[in-house]
There are 2 protein chains.
Amino acid sequence: MTDFNLDAFLPYQLAVLSARVSAGFSRHYRKAYGISVAEWRVVAHLSRGDAVSVREIHERVDMDKPKVSRAASRLEEAGYITKTVNETDRRLVELKLTDKGRAMIDALAPIAKAYEQELVGALGGDDGPFRDQVRRLGEALKPRQTD
Amino acid sequence: MTDFNLDAFLPYQLAVLSARVSAGFSRHYRKAYGISVAEWRVVAHLSRGDAVSVREIHERVDMDKPKVSRAASRLEEAGYITKTVNETDRRLVELKLTDKGRAMIDALAPIAKAYEQELVGALGGDDGPFRDQVRRLGEALKPRQTD
DNA sequence: GCAAGAGCGTTGCACCTGCAACGGTCGAAC
DNA sequence: GTTCGACCGTTGCAGGTGCAACGCTCTTGC
């Protein structure tokens with residue numbers, strides 16, 4: 001009889017860890033700004049400053065197009081970003097932070113850094129090897145087959 | 001002006017990694033058995049053999065009660081488990097694998113082990129330190145505060 | 001025995017997500 | 001200039017999720 005120990009199963013451990021980490025951080029912006037994880041990702045990506053298309057975010061952040069599109073719509077409705085049609089290519093929609101959105105990211109960025117430092121502390125202070133392995137695993141799984 | 005680099009943000013990296021790892025594994029059972037991640041977790045937890053209540057799974061696996069309840073209902077409908085009321089405490093529902101469910105976990109367990117070995121390989125062969133840190137981080141975030 | 005409170009699992013509801021399909025726009029070939 | 005194909009973003013739809021509230025059952029105290 002198979003006795004499978006879920007607790008020791010790496011995919012499960014990672015899922016639980018990731019959910020806790022995300023929940024721990026999202027509590028910092030969920031209440032204060034009313035945005036979700038998906039919306040946070042879009043805003044964070046826009047913090048670089050230049051206008052970005054939906055497709056670009058879809059490729060850089062790992063979210064599918066509809067998810068980005070809806071997150072952007074919610075952010076626009078909340079006044080954090082603007083959506084304007086690119087006049088040289090009217091298929092593209094340019095997303096851009098408003099002043100309100102900029103203020104939000106300015107407030108959240110240090111909180112994010114601090115939260116990350118908490119995590120690093122929990123790791124024992126040296127996060128280098130851990131991050132390397134996270135990145136290595138992510139790379140190994142990036143494409144799409146194995147089936 | 002804040003320039004937040006999402007790619008280097010640990011919570012983001014973990015979320016992406018976890019999603020990829022889960023997707024990579026779920027492809028092994030999604031098509032073959034038509035079950036979701038939540039259902040997989042319930043079945044895996046039931047593989048120990050004894051009947052288990054919804055509440056016990058809710059506590060052990062990190063899923064809230066409604067999620068466990070619905071996953072169990074789907075599994076029952078698919079014929080993988082049975083749900084019976086505990087006669088000594090009629091508030092409790094005992095979940096138990098059917099022969100069909102047992103056959104599924106017997107088939108999936110080696111696949112899960114093999115998949116895990118793939119991940120270990122991608123880590124460079126020595127997964128000990130990585131698992132330690134995953135566990136340590138998970139422990140640090142287990143309770144409920146930071147606010 | 002009975003009432004109040006706590007525990008367990010389910011259900012309602014609003015929201016989000018994944019996938020496929022769609023309309024609008026651009027570029028290439030003729 | 002037209003037509004065909006590709007691309008971009010949005011929308012429909014079915015299904016899953018989180019949270020709160022509910023019904024049923026057990027326990028506790030009287």
Side-chain angles (χ1 to χ4, degrees), chain A residues 15-16 18-20 22-24 26-27 29-31 33-42 45-46 51-78 81-96 144, chain B residues 15-16 18-20 22-24 26-27 29-31 34-43 45-46 51-78 81-96 144:
Chain A
V16 171
S18 165
R20 283 184 190 164
S22 281
S26 72
R27 282 186 306 112
Y29 54 75
R30 184 161 206 135
K31 277 291 172 68
Y33 298 97
I35 64 172
S36 68
V37 175
E39 284 144 40
W40 151 256
R41 286 192 190 175
V42 171
H45 189 70
L46 289 179
V52 173
S53 71
V54 170
R55 175 181 160 280
E56 196 172 329
I57 295 184
H58 152 60
E59 287 182 347
R60 293 259 304 144
V61 177
D62 94 323
M63 290 166 57
D64 67 348
K65 285 189 302 176
K67 197 173 175 181
V68 175
S69 173
R70 289 190 234 253
S73 294
R74 291 190 291 262
L75 285 169
E76 184 189 33
E77 194 175 5
I81 70 170
T82 56
K83 288 165 57 179
T84 50
V85 173
N86 182 318
E87 284 304 324
T88 69
D89 183 344
R90 299 181 53 78
R91 292 172 303 182
L92 301 179
V93 172
E94 290 181 342
L95 308 180
K96 207 169 188 317
R144 207 58 299 183
Chain B
V16 171
S18 165
R20 284 183 189 165
S22 280
S26 72
R27 285 186 304 110
Y29 55 74
R30 185 162 206 134
K31 278 292 172 66
I35 63 172
S36 69
V37 175
E39 285 145 40
W40 152 256
R41 285 192 191 174
V42 171
V43 170
H45 190 70
L46 289 179
V52 173
S53 71
V54 169
R55 174 180 160 280
E56 197 173 329
I57 294 184
H58 152 62
E59 287 182 347
R60 294 259 304 143
V61 175
D62 94 323
M63 290 166 57
D64 67 347
K65 284 189 302 175
K67 197 172 175 181
V68 175
S69 174
R70 290 191 233 254
S73 294
R74 292 190 291 263
L75 286 169
E76 184 190 31
E77 193 175 5
I81 70 170
T82 56
K83 288 166 56 180
T84 50
V85 174
N86 182 318
E87 284 305 323
T88 69
D89 184 343
R90 299 182 54 77
R91 293 173 301 182
L92 302 179
V93 173
E94 291 182 342
L95 308 180
K96 207 168 188 318
R144 201 71 289 208

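Please read all numbers here as calculations on a predicted model, not as lab measurements. Just so we're on the same page: letters track the sequence lines, and every chain starts at 1.
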Query - Interatomic spacing from NE2 in B:His58 to CE in B:Met63 - rounded to 0.5 Å - result: 10.5 Å
**Report entry** A:Ser26 side-chain N/O to A:Ser22 backbone N/O, donor-acceptor pair under 3.5 Å
**Finding:** yes
**Report entry** Any donor-acceptor N or O pair under 3.5 Å, side chains A:Ser73, A:Glu76
**Finding:** no
Query raised in the report: What is the distance, rounded to the nearest whole Å, between atom NZ of B:Lys67 and atom P of C:dT17?
Result: 13 Å
Query raised in the report: Tell me: NZ of B:Lys31 to C1' of C:dG18, nearest whole Å?
Result: 14 Å
Requested in this report: Kindly say if B:Ser69 contacts the phosphate of C:dG9, meaning a side-chain N or O under 4.0 Å from OP1 or OP2.
Outcome: no
Query - Heavy-atom neighbours of A:Glu87 CD exceed 12 at 6.0 Å - result: yes
Report task. Tell me, yes or no, whether the heavy-atom count around B:Arg74 atom CZ, taken from other residues, nucleotides or ligands under 6.0 Å, exceeds 12. Result -> yes
Query raised in the report: Which atoms form the tightest heavy-atom contact between B:Val93 and B:Lys83, and what is the distance?
Result: CG1-CB, 3.9 Å
Query - Distance test, side-chain N/O of B:Lys83 to OP1/OP2 of C:dG9, below 4.0 Å - result: no
Query raised in the report: Side chains of A:Ile35 and A:Val42: does their closest heavy-atom pair fall under 4.5 Å?
Result: no
**Report entry** A:Arg27 CZ to D:dC19 P, straight-line distance once rounded to whole Å
**Finding:** 12 Å
Query raised in the report: So which of residues 55-63 of chain A are in contact with DNA chain D, with a heavy-atom cut-off of under 4.0 Å?
Result: A:Arg55
Query raised in the report: How long is the span from the CD atom in A:Glu94 to the CG atom in A:Asp89, to the nearest 0.5 Å?
Result: 9.5 Å
Query raised in the report: Does A:Arg74 place a side-chain N or O at less than 4.0 Å from the phosphate oxygens OP1/OP2 of D:dT10?
Result: no
Report summary line: 5' to 3', nucleotides 20-26 of chain C under a 4.0 Å protein heavy-atom cut-off (B base, S sugar-phosphate only, - none) gives B---BBS
**Report entry** Spacing between A:Asp64 atom CG and C:dG18 atom P, to the nearest angstrom
**Finding:** 5 Å
Report summary line: Considering only heavy side-chain atoms of B:Leu92, the closest of C:dC8, C:dC16, C:dG18 is C:dC8
Report task. Would you indicate what B:Ser73 reaches in the nucleic acid, counting non-hydrogen atoms under 4.0 angstrom: base, sugar-phosphate, or nothing? Result -> nothing
Report task. Looking only at non-hydrogen atoms, find the nearest pair between B:Arg41 and A:Ala15 and report the distance. Result -> NH2-CB, 3.3 Å
Query raised in the report: Whole Å only: how far is the CD atom of A:Glu77 from the P atom of D:dT10?
Result: 14 Å
Report summary line: When rounded to whole Å, the CD to C1' distance for the pair A:Glu94 and D:dG9 reads 14 Å
